[in-house]
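Here the structure is a predicted model, which means the values were calculated and not measured.
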Amino acid sequence: MKPNKKKARNSDEREFGGALGATCIPVFLPLTVLYLLSVCRSPAASVLQWPPPLTPAAHLWDPLAAVLIGGWLALQSFLYLLPIGKVSEGLVLRDGSRLKYPINGFHALSITAVLLLVCLWLGMPLGYLFELILPLAVCAIGVSYLLSMYLYIRSFWAPQHALSLGGNTGNPLYDFFMGRELNPRIGDFDLKYFCELRPGLIGWVVINLGMLMKEVELRGSPSLAMLLVNGFQLLYVTDALWNEEAVLTTMDIVHDGFGFMLAFGDLAWVPFTYGLQAMFLVVHPQSLSTLGAAGIILLNGIGYYIFRKSNSQKNQFRRDPTHKSVAHLETIATATGKRLLVSGWWGFVRHPNYLGDLLMALAWSLPCGMSHILPYFYVIYFTILLIHREARDEKHCRAKYGLAWDTYCRRVPYRIIPYIY
């Protein structure tokens, strides 16, 4: 009877709308990416305009885009395999083992930056990425589908202890979406860890640079708004790669299998929707006053300070609870032997890093003005994402920590925004 109970429990706990959501999302999200890019390039830039600005099918494919995507993945794979940086161990797996991960993402970003400078010095037209953006997105989506199919098929040869608890339900559509295998590897090459921070995240800032260079072609120099968007988002990506080791304790790495959800998100959704502001500014230039720019910089600075300080405090506590920077913080004991922070940043709200994230997201959109909703897609989407992620964290922590989590919630009643939510 135990297998049947487990199967029933998995059915009850399916996320993202269960099998129906897992069927619809892989269809509608790729279409959403292409639609948003088409709208961003249109004169009206209205997400509700009718008829919608659909791009002709002939403009969705360009062999050069396929070459660039293939070359980009090959370059980032090569940089991942370089024996530079340190090697860290992940958390203990169900079989008691710990996987090793190369911590060289910042090195990859730095080498990529040098290569881009060489390209600019040689006069390569990086602004042409603006014309190629839709074919590039189509190719990235195609790679996401192919990778997801490979991951699903290979998972049937993985041992039982290597499977994700949430993506091994027996429903093919749902398991394809969520990912059956937790840490799929080809030799020492960890596919999920590689995709999490490398090709998509670094690709995001490369696309932004392409949009900046396109603006230089059109207007002779980049606008202040374009410089702010590029600078803010480059800071965010640089921070993520500088603190790459912290990703080893996130839900994506520890809990979620590697399927279409993460593959598409990493390779297509992030680079082609997170940077919509830069593409919007190419077609719809905005002027910013010095005072307005100063206010936006201040908002981004506050958001980044909250985001970095809270994440650093959490990561330091996880590594060494006796360290002088966190030893004085108040904690609650749990039945698992771990302790929960109830002071410092994590006594302020339950997810102070999410609050910082949202403030930065707003700062990225404000340089685009207030006349269009499209540049605010990211902050709207990210708010929904973080609320959903907070709910997933809540469910996971309640199951893991039990009564201690209830005590924590009474001590820290606000989830993300103090006195509001």
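- The backbone N or O of Leu235 lies less than 3.5 Å from no partner atom in the side chain of Asp239, so there is not a single donor-acceptor pair.
- Judged by distance alone, the side chains of Thr250 and Asp252 never bring a donor and an acceptor atom under 3.5 Å apart.
- Residues Leu37 and Ala137 approach most closely at CD1-CB, 3.6 Å, considering heavy atoms.
- Between Tyr274 and Tyr378, the ring-plane angle classifies as perpendicular under the 30° and 60° cut-offs.
- Judged by distance alone, with hydrogens and angles left aside, the side-chain atoms of Ser312 form no donor-acceptor pair with the main-chain N or O of Lys309 at under 3.5 Å.
- Note that the NZ atom of Lys400 and the NZ atom of Lys338 stand 3.5 Å from one another [nearest 0.5 Å].
- Atom CG of residue Leu329 and atom NE2 of residue His323 lie 12.0 Å apart, to the nearest 0.5 angstrom.
- A heavy-atom distance below 4.5 Å is found between the side chains of Leu126 and Leu120.
- For the side chain to side chain contact (heavy atoms under 4.5 Å, CB included) test with Cys40, the passing option among Val283, Leu374, Val282 is Leu374; the others fail.
- Atom NZ of Lys86 sits about 6.5 Å away from atom CD1 of Ile103, to the nearest 0.5 Å.
- Under the 30°/60° scheme for interplanar angles, the aromatic rings of Phe260 and Phe176 are found to lie parallel.
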Next on the checklist: Run the side-chain hydrogen bond (donor to acceptor under 3.5 Å, both in side chains) test on Ser325 and Gln316 for me, step by step, so that the C-alpha distance in whole Å, both residues' side-chain angles and the decisive distance to 0.1 Å come before the verdict.
Outcome noted: CA-CA 8 Å; Ser325 65; Gln316 183 60 60; 4.8 Å; no

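- Residues Asn208 and Trp204 meet the side-chain proximity criterion, which asks for heavy atoms closer than 4.5 Å.
- Closest approach of Leu197 and Leu241 over heavy atoms only: O-CD2, 3.5 Å.
- Within the 4.5 Å cutoff, the side chain of Leu82 has heavy atoms near those of the Ile111 side chain.
- Distance alone, capped at 3.5 Å, is enough to place a donor-acceptor pair between the Asp175 side chain and the Gly170 backbone.
- The environment of Phe189 atom CZ is dense: over 12 non-hydrogen atoms of other residues, nucleotides or ligands sit within 6.0 angstrom.
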Cut-off 3.5 Å, no hydrogens considered: what does the side-chain donor-acceptor table look like for residues 340-350, sequence neighbours left out?
unit_1, atom_1, unit_2, atom_2, d
Ser343, OG, Glu330, N, 2.7
Trp346, NE1, Ser310, O, 3.0
Arg350, NE, Val412, O, 2.9
Arg350, NH1, Glu394, OE1, 3.1
Arg350, NH2, Pro413, O, 3.2

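- Under the 3.5 Å distance criterion, the side-chain polar atoms of His284 are matched with a main-chain donor or acceptor of Phe280.
- Atoms CG and CG, on Leu146 and Leu151 in that order, are 11.0 Å from each other to the nearest 0.5 Å.
- The closest side-chain donor-acceptor pair between Ser223 and Glu215 falls under 3.5 angstrom.
- Scanning all heavy atoms of the two residues, the minimum distance from Leu79 to Ala108 falls at CD1-O, 3.7 Å.
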Checklist entry - Does the pair Ser88 and Leu248 meet the rule for a side chain to side chain contact (heavy atoms under 4.5 Å, CB included), with working shown? => result CA-CA 9 Å; Ser88 291; Leu248 300 180; 4.1 Å; yes

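- Counting all heavy atoms, side chain and backbone alike, Ser164 lies closest to His255 at OG-O, 3.5 Å.
- The structure places CZ of Phe382 at 4.0 Å from CG of Asp357, a figure rounded to the nearest 0.5 Å.
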Checklist entry - Do Val205 and Thr238 pass the side chain to side chain contact (heavy atoms under 4.5 Å, CB included) test, and can you show the C-alpha distance, the side-chain angles, and the key distance before you say yes or no? => result CA-CA 10 Å; Val205 295; Thr238 302; over 6 Å; no

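- In this structure a side-chain-to-backbone donor-acceptor pair under 3.5 Å is present from Asn171 to Tyr174.
- More than 12 heavy atoms of other residues, nucleotides or ligands shown are found within 6.0 angstrom of CG on Asp406.
- A cation-pi arrangement is not found for Arg339 relative to Phe317, the charged atom failing to lie both closer than 6.0 Å to the ring centre and inside a 45° cone about the ring normal.
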Pairs of donor and acceptor atoms involving the side chains of residues 19-36, under 3.5 Å and at least two apart or interchain, shall be tabulated with distances.
unit_1, atom_1, unit_2, atom_2, d
Thr23, OG1, Ala19, O, 2.7
Thr32, OG1, Phe28, O, 2.7
Tyr35, OH, Val47, O, 2.7

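- If you take OH on Tyr145 and CD1 on Ile141, they are separated by 7.5 Å, rounding to the nearest 0.5 Å.
- The backbone N or O of Asp190 sits less than 3.5 Å from a side-chain atom of Tyr80, completing a donor-acceptor pair.
- Judged as a side-chain contact (heavy atoms from CB on, under 4.5 Å), and not counting sequence neighbours, the contacts of Val143 are Ile69, Leu73, Leu267.
- Counted within 6.0 Å of CG on Leu403, heavy atoms from surrounding residues, nucleotides or ligands total 12 or fewer; the atom is thus considered open.
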Next on the checklist: Using the rule given for side-chain hydrogen bond (donor to acceptor under 3.5 Å, both in side chains), can you reason through Trp364 versus Gln233, listing the C-alpha separation, both sets of side-chain angles and the distance that settles it, and then say yes or no?
Outcome noted: CA-CA 7 Å; Trp364 300 353; Gln233 296 181 354; over 6 Å; no

Next on the checklist: ring pair (Phe, Tyr, Trp, His ring centres under 6.0 Å), that's the test. Do Phe307 and Tyr236 meet it? Break it down for me.
Outcome noted: CA-CA 10 Å; Phe307 173 80; Tyr236 187 80; 5.7 Å; yes

Item to check | Stepwise ring pair (Phe, Tyr, Trp, His ring centres under 6.0 Å) check, Tyr419 with Tyr414 | outcome: CA-CA 7 Å; Tyr419 305 105; Tyr414 299 105; 5.2 Å; yes

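- Taking every heavy atom of both residues into account, Leu288 and Ala225 meet most closely at CD1-CA, 3.9 Å.
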Item to check | Residue pair Phe106, Glu244: steps toward the side chain to side chain contact (heavy atoms under 4.5 Å, CB included) verdict | outcome: CA-CA 8 Å; Phe106 183 76; Glu244 182 181 21; over 6 Å; no

Next on the checklist: salt bridge (charged side-chain N to carboxylate O under 4.0 Å, His left out) for Asp393 and Arg415? Distances and angles first, verdict last.
Outcome noted: CA-CA 11 Å; Asp393 289 342; Arg415 300 167 186 258; over 6 Å; no

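- Ile133 has its side chain within reach of Ile207: a pair of non-hydrogen atoms, C-beta onward, lies under 4.5 Å apart.
- Remark: side-chain polar atoms of Arg94 are paired, donor with acceptor, to backbone N or O of His161 under 3.5 angstrom.
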Next on the checklist: Lys192 vs Asp266, test: side chain to side chain contact (heavy atoms under 4.5 Å, CB included). Steps then yes/no.
Outcome noted: CA-CA 9 Å; Lys192 181 169 70 170; Asp266 293 340; 5.6 Å; no

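- Annotation: cation-pi pair Arg180/Phe156 present, NZ/CZ under 6.0 Å from the ring centroid and within 45° of its normal.
- Of the possible donor and acceptor atoms, none in the side chain of Glu181 sits under 3.5 Å from a partner among the backbone N and O of Gly179.
- Counting only heavy atoms from C-beta outward, the side chains of Leu385 and Arg389 approach each other to under 4.5 Å.
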